[in-house]
Amino acid sequence: MKFSKSLIHTYREAPADAEVISHNLLVRAGMIRKVTAGIYEYLPLGLKSLKKVENIIRNELNRAGCQEVLLPHLVPGELWKESDRWAKYGKELLRLSDRHGREYCFGPTHEETICDLVRHVVSSYKALPQNLYQIQTKFRDEIRPRFGLMRGREFLMKDGYSFHVDHEDLDREYKNMFATYKRIFERCGLTARAVDADTGAIGGKSSHEFMVIAQTGEDVVVYCSACDYAANLEKASCRTANVGAAQEISAVQEVHTPGLKTVDEVAAFLKIKPQQMIKTLVYKADQGFIVVCTAGDREVSEIKLQNIAKAEALRLATDEEVVSFTGVPVGFLGPVGLDACIRKTALGAQWWLVYDHSVKGIVEAATGANRADYHVVHVAVTRDLKLSEDNLVDVCNVIEGDPCPHCSSGQLKLTRGIEVGHIFKLGFRYSKPMKVTYLDNEGKEQPVVMGTYGIGVGRTMAASVEQNHDDKGIIWPRALAPFDVHLIQLDHTDAITQEAQKIYDALWGAGIEALWDDRDERAGVKFNDADLIGIPVQVIIGKRGLQKGTLEYKIRRTSQKGEAPLLGAVDIIAGLLNAAA
RNA sequence: CGGGAAUUAGCGCAGUCCGGCUAGCGCGUUCGGUUCGGGUCCGAAAGGUCGCGGGUUCAAAUCCCGCAUUCCCGACCA
């Protein structure tokens with residue numbers, strides 16, 4: 001492609017709304033353009049990179065035995081009603097109706113559609129297993145689209161679904177996909193880490209997310225300093241504290257703490273550490289109130305609590321609810337004697353109490369006295385609280401430095417990551433309600449066991465930019481680069497144009513995709529555009545080199561420069577490309 | 001869902017408080033010249049429903065009301 005004929009327009013200034021580097025650079029390099037919130041156009045340069053990601057995915061999946069299909073964007077509402085997601089999915093689901101008033105949604109994911117396909121086509125165990133995928137534009141009406149391609153509303157996704165006769169076969173395929181995903185991200189030039197993940201609203205059993213480690217990531221990744229344990233913060237656990245050593249503790253005693261409500265205020269007043277406090281929170285779940293006690297330095301994970309409570313909806317109780325439920329104002333609640341307070345005020349209310357594991361490690365605690373403006377000290381956890389197997393749970397987010405749950409020496413570290421892929425064992429979540437069944441070898445009808453596997457294609461491209469850039473622009477890994485070589489022609493004599501044309505033809509002839517900057521621009525403009533766009537190897541042809549019969553090259557990533565004779569230059573460039581990949 | 005801010009040329013912004021006549025600047029674009037190995041310099045030009053609707057006024061980008069869109073922050077840890 002000749003630059004002068006191409007639809008490439010670069011910008012010197014950052015777009016006003018770009019908060020992350022990938023958004024900034026992809027727009028400035030003329031690869032994408034925002035049309036409206038969370039919706040982007042891919043320009044020729046951007047589409048080339050997007051297609052490269054797509055083709056790596058396609059190639060690896062096909063090799064792993066998957067088959068590509070293409071499902072419709074619009075899904076009839078009835079299918080979503082069969083799985084009950086029509087009611088559950090909420091406002092993220094874009095719903096629309098046609099001229100007859102029939103309801104549809106723009107598919108944000110396609111479990112229902114694929115189930116409908118498979119149940120019509122597959123009827124025997126002999127036709128299983130199947131692993132079907134598609135690469136298609138999705139729409140999710142995010143509350144807050146942001147970060148360019150990282151959290152768009154319209155986005156390109158690879159979504160795959162597998163169907164099996166039993167869980168063993170699903171396990172086998174899950175491992176197959178796990179390995180395939182690792183290869184895909186490796187081939188994209190990304191450092192991705194597989195982490196244990198919460199299965200969330202889609203339902204199902206085990207699940208791994210593939211995270212690209214990047215400061216701008218929206219997810220928190222927990223990993224061990226010593227072993228290969230890694231998990232999403234929502235899922236991460238730590239080795240639980242040992243019960244504190246027994247020691248003499250004086251009797252529980254009330255302390256006047258007027259107006260001191262927060263852990264930090266009370267801890268400072270009592271001259272103790274926050275982790276020696278017991279924090280008491282009241283949640284309102286669909287089934288009733290849940291009182292959660294944790295060490296003062298911990299944060300409750302609402303996701304963990306929701307899973308423990310098996311609650312559909314969960315929120316912190318309001319101040320008013322807390323008072324009418326316990327009779328104690330917010331800020332002065334504690335586990336000691338709480339039961340009696342509640343019995344006085346809320347006869348018949350459904351409620352239960354859980355302790356986070358972190359409470360177990362406190363020997364002598366301070367906490368609310370269940371009386372306005374008072375706290376209690378000298379609470380001996382083993383003496384004054386009724387901890388048991390049933391009420392001790394893992395309900396807090398881990399914090400930096402917690403002991404690893406898998407090995408004895410490691411400490412947990414926290415970092416941020418971009419979720420580029422996600423694999424899930426779904427089990428019967430969709431196959432049962434949607435009646436996706438097969439006849440087994442005894443002629444008995446059985447539900448299929450399902451798995452689901454996703455990759456954010458555009459997000460993978462953005463993640464690559466997050467991981468590969470410098471202050472001049474993007475540094476594409478060769479696998480994702482829109483072109484392999486950026487041929488920069490500096491002078492415009494006939495002789496040089498002819499040489500450039502020769503090199504250009506020879507590159508393409510050797511299977512090397514070249515962008516030829518033939519514009520009548522100053523050298524600086526071209527160099528800067530080349531660095532911004534980030535093609536891995538720049539080849540410079542100008543009168544300076546031509547006199548010597550050479551051209552120059554620059555490796556974008558290392559800025560390493562060199563010269564090569566015009567004759568045989570293509571071989572040298574091919575070698576550079578392979579080395580720079 | 002709550003709070004804040006913004007909306008003026010393709011992009012980035014000034015002008016709005018304190019209303020005033022041809023609405024500016026930088027980048028980009030077009031034309032002419034100059035220069036030519038890291039975003040040359042000079043000159044000329046094109047390009048605007050000042051987000052939309054209503055109101056106040058002799059006069060509105062500017063003041064008032066409504067709406068839309070966009071961006072940011074927050075969503076309660078007792």
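Here is how names work: the chains are called A, B, and so on, in the same order as the sequence lines, proteins then strands, and each is numbered from 1.
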Is there a Watson-Crick or G-U wobble partner for [N] with both distances under 3.5 Å, and which nucleotide is it?
| N | result |
| --- | --- |
| B/G47 | none |
| B/U62 | none |
| B/U57 | none |
| B/C1 | B/G74 |
| B/C25 | B/G12 |
| B/A6 | B/U69 |
| B/C36 | none |

Q | Non-hydrogen side-chain atoms of A/Leu490 and A/Lys543 separated by less than 4.5 Å | A |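 No; the side chains remain at least 4.5 Å from each other.
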Which value, in whole Å, describes the distance between the [atom1] atoms of nucleotides [N] and [M]?
| N | M | atom1 | value |
| --- | --- | --- | --- |
| B/A45 | B/G4 | C1' | 42 Å |
| B/U69 | B/G28 | P | 34 Å |
| B/G15 | B/U56 | C1' | 22 Å |
| B/A23 | B/G48 | C1' | 9 Å |
| B/U16 | B/U30 | P | 34 Å |
| B/C67 | B/C11 | C1' | 27 Å |
| B/A46 | B/U34 | P | 24 Å |
| B/G24 | B/U8 | C1' | 10 Å |

Q: Would you check, one step at a time, whether the test side-chain hydrogen bond (donor to acceptor under 3.5 Å, both in side chains) holds for A/Asn468 with A/Arg557?
A: CA-CA 9 Å; A/Asn468 302 286; A/Arg557 187 178 295 278; 3.2 Å; yes
Q. Checking side chain to side chain contact (heavy atoms under 4.5 Å, CB included) against A/Val363, which of A/Ile249, A/Thr382, A/Val379 comes through?
A.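 For A/Val363, the side chain to side chain contact (heavy atoms under 4.5 Å, CB included) test succeeds with only one of A/Ile249, A/Thr382, A/Val379, which is A/Ile249.
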When you measure from the side chain of [X], which nucleotide among [options] comes out closest?
| X | options | result |
| --- | --- | --- |
| A/Arg522 | B/C71, B/C77, B/U40 | B/U40 |
| A/His9 | B/G10, B/C77, B/G28 | B/G28 |
| A/Asn528 | B/C11, B/G38, B/C76 | B/G38 |
| A/Ala523 | B/G38, B/G28, B/C11 | B/G38 |
| A/Leu281 | B/G37, B/C77, B/C71 | B/C77 |
| A/Lys554 | B/C71, B/G38, B/C13 | B/G38 |
| A/Asp529 | B/G39, B/G38, B/C71 | B/G39 |
| A/Asp491 | B/C36, B/C11, B/G38 | B/C36 |
| A/Ile143 | B/C71, B/C1, B/G28 | B/C1 |

Is any side-chain nitrogen or oxygen of [X] closer than 4.0 Å to OP1 or OP2 of [N]?
| X | N | answer |
| --- | --- | --- |
| A/Thr36 | B/U70 | yes |
| A/Arg12 | B/G39 | no |
| A/Lys261 | B/C77 | no |

Q: Kindly determine whether A/Asp264 and A/Thr262 satisfy side-chain hydrogen bond (donor to acceptor under 3.5 Å, both in side chains), including the steps that lead there.
A: CA-CA 5 Å; A/Asp264 287 341; A/Thr262 68; 5.6 Å; no
Q: Would you please test A/Glu234 and A/Ser301 for side-chain hydrogen bond (donor to acceptor under 3.5 Å, both in side chains) and show each step?
A: CA-CA 7 Å; A/Glu234 295 163 0; A/Ser301 159; over 6 Å; no
Q: Tell me which of A/Gln538 and A/Lys91 sits closer to the 5' end of RNA chain B, going by the nucleotide each one is nearest to.
A: A/Lys91
Q. Of A/Val322 and A/Lys472, whose nearest nucleotide on RNA chain B comes first from the 5' end?
A.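 Its nearest nucleotide being more 5', the pick is A/Lys472.
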What is the distance, rounded to the nearest whole Å, between atom [atom1] of [X] and atom [atom2] of [N]?
| X | N | atom1 | atom2 | value |
| --- | --- | --- | --- | --- |
| A/Asp520 | B/G33 | CG | C1' | 14 Å |
| A/Asp518 | B/C36 | CG | P | 21 Å |
| A/Glu13 | B/G39 | CD | P | 17 Å |
| A/Asp17 | B/C11 | CG | P | 11 Å |
| A/Arg519 | B/G37 | CZ | C1' | 15 Å |
| A/His23 | B/G12 | NE2 | P | 10 Å |
| A/Ile39 | B/C71 | CD1 | P | 11 Å |
| A/Arg28 | B/G28 | CZ | C1' | 14 Å |

Q. Can you say whether the rings of A/Phe289 and A/Phe325 are parallel (under 30°), tilted (30 to 60°) or perpendicular (over 60°)?
A. parallel
Q) Is a donor-acceptor contact shorter than 3.5 angstrom present between the side chain of A/Glu552 and the base of B/G37? A)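 Yes, the side chain and the base share a sub-3.5 Å donor-acceptor pair.
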Q | The single option from A/Glu154, A/Lys34, A/Arg33, A/His23 passing side chain to side chain donor-acceptor pair (under 3.5 Å) against A/Tyr40 | A | A/His23
Q. Any idea which heavy atoms bring A/Ile475 and A/His469 closest together, and the distance?
A.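 Minimum heavy-atom contact is CD1-C, 3.9 Å.
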When all nucleic acid strands are considered with a 4.0 Å heavy-atom cut-off, which category describes [X]: base, sugar-phosphate, or nothing?
| X | answer |
| --- | --- |
| A/Leu333 | nothing |
| A/Gly545 | base |
| A/Ala18 | nothing |
| A/Val292 | nothing |

(Q) For the residue pair A/Lys360 and A/Tyr355, would you count it as a cation-pi contact if the rule is NZ or CZ under 6.0 angstrom from the ring centre and within 45 degrees of the ring axis? (A)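 That pair does not qualify as a cation-pi contact.
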